[in-house]
Amino acid sequence: MTILVTGGAGFIGSHLVEYLLVETGESVLVLDDFSTGREGSLPDSNRLELVDGDVCDQESIEDLVERSKSVYHLAAAVGVEKVVDEPLDSLRTNVEGTRYVLDAAAADGTPVFVASSSEVYGKSTAIPFGEDDDRVIGPTSVPRWGYANAKALDEFYALAHHDENDLPVVIGRFFNTVGPRQIGEYGMVIPTFVEQALDDDPITVYGDGTQTRTFMHVHETVEAVHELMNEPEANGRVFNIGSSDSVSINDLAQRVKNLTESESTIEHVPFEEAFDEDFEEPDHRQPDITRLRDTLGWTPDSDLDRILEDVIAERRDDVEVSS
Ligand code: UDP
């Protein structure tokens with residue numbers, strides 16, 4: 001028996017795979033379609049098996065889940081840009097794929113971790129967001145809210161399997177997560193700012209930059225995910241997984257500029273220039289992590305500069321290797 005990680009070549013997935021190989025000594029099976037994942041992200045190990053496939057291929061999902069003693073379901077269309085540009089693909093992967101994984105797991109009672117997202121809170125202003133808070137979602141004409149609803153549907157489906165079929169499930173709502181190997185291509189702010197700063201290009205702050213986010217180091221994210229899956233009290237519950245320390249995007253840009261000693265200017269780009277007229281995003285996003293802390297007994301490190309330094313060091317190494 002093995003541990004299945006769907007989306008295991010992606011940013012969070014590849015760190016989780018690495019962690020599982022080291023911490024559990026078990027074999028790990030990765031399913032990824034390499035749409036955003038990269039094979040080079042995965043470590044060399046004779047306990048690692050890689051399957052290049054689609055999470056919406058129901059038959060193959062059933063086979064893979066049958067071989068596994070637990071499933072970490074991280075395969076999803078991620079990144080605001082991708083979700084906005086390819087809404088159909090995002091909805092298909094996030095709704096159908098999760099349904100196939102959960103149905104297959106329910107057939108054998110295989111425990112599943114379901115990766116959800118802080119996007120499910122939508123544009124709620126009730127900071128910090130608690131797991132049982134109301135969600136505030138915008139109109140169906142804005143693709144971003146389709147992603148939020150797809151992830152919410154995944155949660156409903158997982159919880160329904162838990163209630164009706166006793167399926168062991170843990171749902172993690174990832175807040176902004178950051179660390180080595182995250183790429184800026186799909187719009188994520190920290191790799192984008194770091195790349196811009198290292199190239200001395202303008203750092204592009206969208207809107208007026210007063211919006212706030214919290215950032216958690218991916219090493220801690222995967223540790224939390226693994227611990228939750230092994231904690232009986234977490235079964236059947238939803239957890240915010242994120243840091244509780246907020247930073248404005250203006251402040252973030254300045255910190256990246258300082259830490260890289262960059263000559264970059266900081267430029268404000270109106271949202272409608274960066275995206276479409278109808279683009280919407282939450283002004284503030286911060287998790288209430290009481291439940292996470294009470295269940296795990298620890299909270300994420302709040303030192304943003306340390307996280308940034310880790311990302312900057314990796315990018316500098318990349319530049320040196322490729323030049
Ligand atoms: N952002 C920015 N410049 C960029 C990319 C993102 O100012 O080049 C902002 C974005 O508008 C948001 C924040 O940074 O307010 C975080 O963006 P990201 O896409 O990383 O995650 P989100 O929180 O939107 O899911």
Side-chain angles (χ1 to χ4, degrees), residues 10-12 36 76-87 90 94 115-125 127-129 135-138 142-151 173-179 181-199 201-218 221 240-257 260 262 264-287 304 307-308 311 315:
F11 164 54
I12 300 179
T36 52
V78 290
V80 174
E81 271 180 37
K82 191 168 166 67
V83 166
V84 169
D85 292 345
E86 298 167 31
S90 146
N94 297 343
S116 183
S117 164
S118 58
E119 284 283 322
V120 300
Y121 293 104
K123 46 186 171 178
S124 168
T125 52
I127 294 289
F129 300 153
R135 307 169 50 232
V136 182
I137 303 297
V142 177
R144 180 174 197 143
W145 307 129
Y147 175 80
N149 275 347
K151 283 292 178 185
R173 287 183 186 158
F174 292 138
F175 282 67
N176 297 61
T177 306
V178 64
R181 298 207 285 267
Q182 186 177 39
I183 49 175
E185 198 180 328
Y186 304 103
M188 272 80 169
V189 67
I190 288 184
T192 304
F193 282 4
V194 168
E195 280 162 25
Q196 290 168 335
L198 290 178
D199 291 343
D201 287 340
I203 299 178
T204 54
V205 171
Y206 298 160
D208 67 6
T210 56
Q211 69 269 36
T212 60
R213 295 292 185 272
T214 68
F215 296 94
M216 180 171 180
H217 196 295
V218 68
T221 304
N240 286 336
I241 302 180
S243 154
S244 56
D245 267 20
S246 280
V247 61
S248 75
I249 301 304
N250 280 331
D251 187 12
L252 179 69
Q254 192 59 53
R255 285 192 200 209
V256 170
K257 181 174 153 71
T260 51
S262 168
S264 294
T265 54
I266 296 177
E267 248 173 48
H268 288 87
V269 180
F271 283 115
E272 56 276 18
E273 240 174 67
F275 299 97
D276 280 340
E277 285 290 316
D278 59 0
F279 180 79
E280 292 186 290
E281 70 160 25
D283 286 338
H284 304 290
R285 175 187 282 159
Q286 183 191 11
L304 180 59
I307 298 177
L308 291 174
V311 176
R315 289 307 138 111

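Values reported hereafter were calculated over all heavy atoms of this structure, with side chains retained and with hydrogens, waters and symmetry mates removed. For ligands, and for the atoms within them, numbers begin at 1 and follow the listed sequence.
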message: Using a 4.0 Å cut-off to any heavy atom of Gln211, which atoms of ligand 1 qualify?
response: 11 (O), 15 (O)
query: Side chains of Asn250 and Ser248: is there a donor and an acceptor less than 3.5 Å apart?
result: no
- line: Closest to atom 7 (O) of ligand 1 among protein heavy atoms sits Tyr206 N, 2.7 Å
task: Just say parallel, tilted or perpendicular for the rings of Phe175 and Phe129, cut-offs at 30° and 60°.
output: tilted
field: Where Gly138 and Glu280 come nearest, the two heavy atoms and their spacing
entry: CA-OE1, 4.4 Å
- request: Verify the distance criterion only: is there a donor paired with an acceptor across the side chains of Thr204 and Gln196 at less than 3.5 Å?
  value: yes
statement: atom 5 (C) of ligand 1: closest protein heavy atom, distance to 0.1 Å, is Gly187 O, 3.3 Å
field: Contact atoms of ligand 1, heavy-atom distance to Phe271 under 4.0 Å
entry: 11 (O)
task: Could you tell me if any non-hydrogen atom of Arg144 lies under 4.0 Å from any atom of ligand 1?
output: yes
field: Side-chain heavy atoms of Phe275 within contact of Glu281, under 4.5 Å
entry: no
field: Protein heavy-atom partner closest to atom 17 (O) of ligand 1 - residue, atom, separation in Å
entry: Val189 CB, 3.9 Å
Element-labelled atoms of ligand 1 that are located less than 4.0 Å from some non-hydrogen atom of Thr204: 2 (C), 3 (N), 4 (C), 7 (O), 8 (O)
- line: Heavy-atom proximity to atom 23 (O) of ligand 1 ranks first, among Arg213, Glu195, Gln182, Gln196, for Arg213
query: At their closest point, which heavy atom of Thr177 faces which heavy atom of Phe11, and how far apart are they?
result: O-CE2, 3.6 Å
task: Number the atoms of ligand 1 from 1 as they appear, then name those within less than 4.0 Å of a heavy atom of Val205, with their elements.
output: 7 (O)
field: Residue pair Pro143 / Pro87: nearest heavy atoms and the distance that separates them
entry: CB-CB, 4.1 Å
message: Students should be able to answer this: which protein heavy-atom is nearest to atom 11 (O) of ligand 1, and at what distance?
response: Glu281 OE1, 2.8 Å
- request: Please test Ser243 against Asp245 for side chain to side chain donor-acceptor pair (under 3.5 Å), starting from the C-alpha separation and ending with a verdict.
  value: CA-CA 6 Å; Ser243 154; Asp245 267 20; 5.1 Å; no
- prompt: Should Glu119 and Arg285 count as an ion pair when the cut-off is N to O under 4.0 Å?
  reply: yes
field: Protein heavy-atom partner closest to atom 13 (C) of ligand 1 - residue, atom, separation in Å
entry: Ile249 CD1, 3.6 Å
task: Could you verify whether a donor N or O on one side chain and an acceptor N or O on the other, from Asn149 and Arg135, lie under 3.5 Å apart?
output: yes
field: ligand 1 atoms in contact with Met188 (distance to a heavy atom under 4.0 Å)
entry: 20 (O)
task: Number the atoms of ligand 1 from 1 as they appear, then name those within less than 4.0 Å of a heavy atom of Glu119, with their elements.
output: 25 (O)
- prompt: Which of the numbered atoms in ligand 1 are below 4.0 angstrom from a heavy atom of Thr192?
  reply: 8 (O)
- request: For atom 21 (O) of ligand 1, grab the closest protein heavy atom and report residue, atom and distance to one decimal in Å.
  value: Asn176 ND2, 3.2 Å
field: Atom indices of ligand 1 within 4.0 angstrom of Arg285 heavy atoms, with elements
entry: 22 (P), 23 (O), 25 (O)
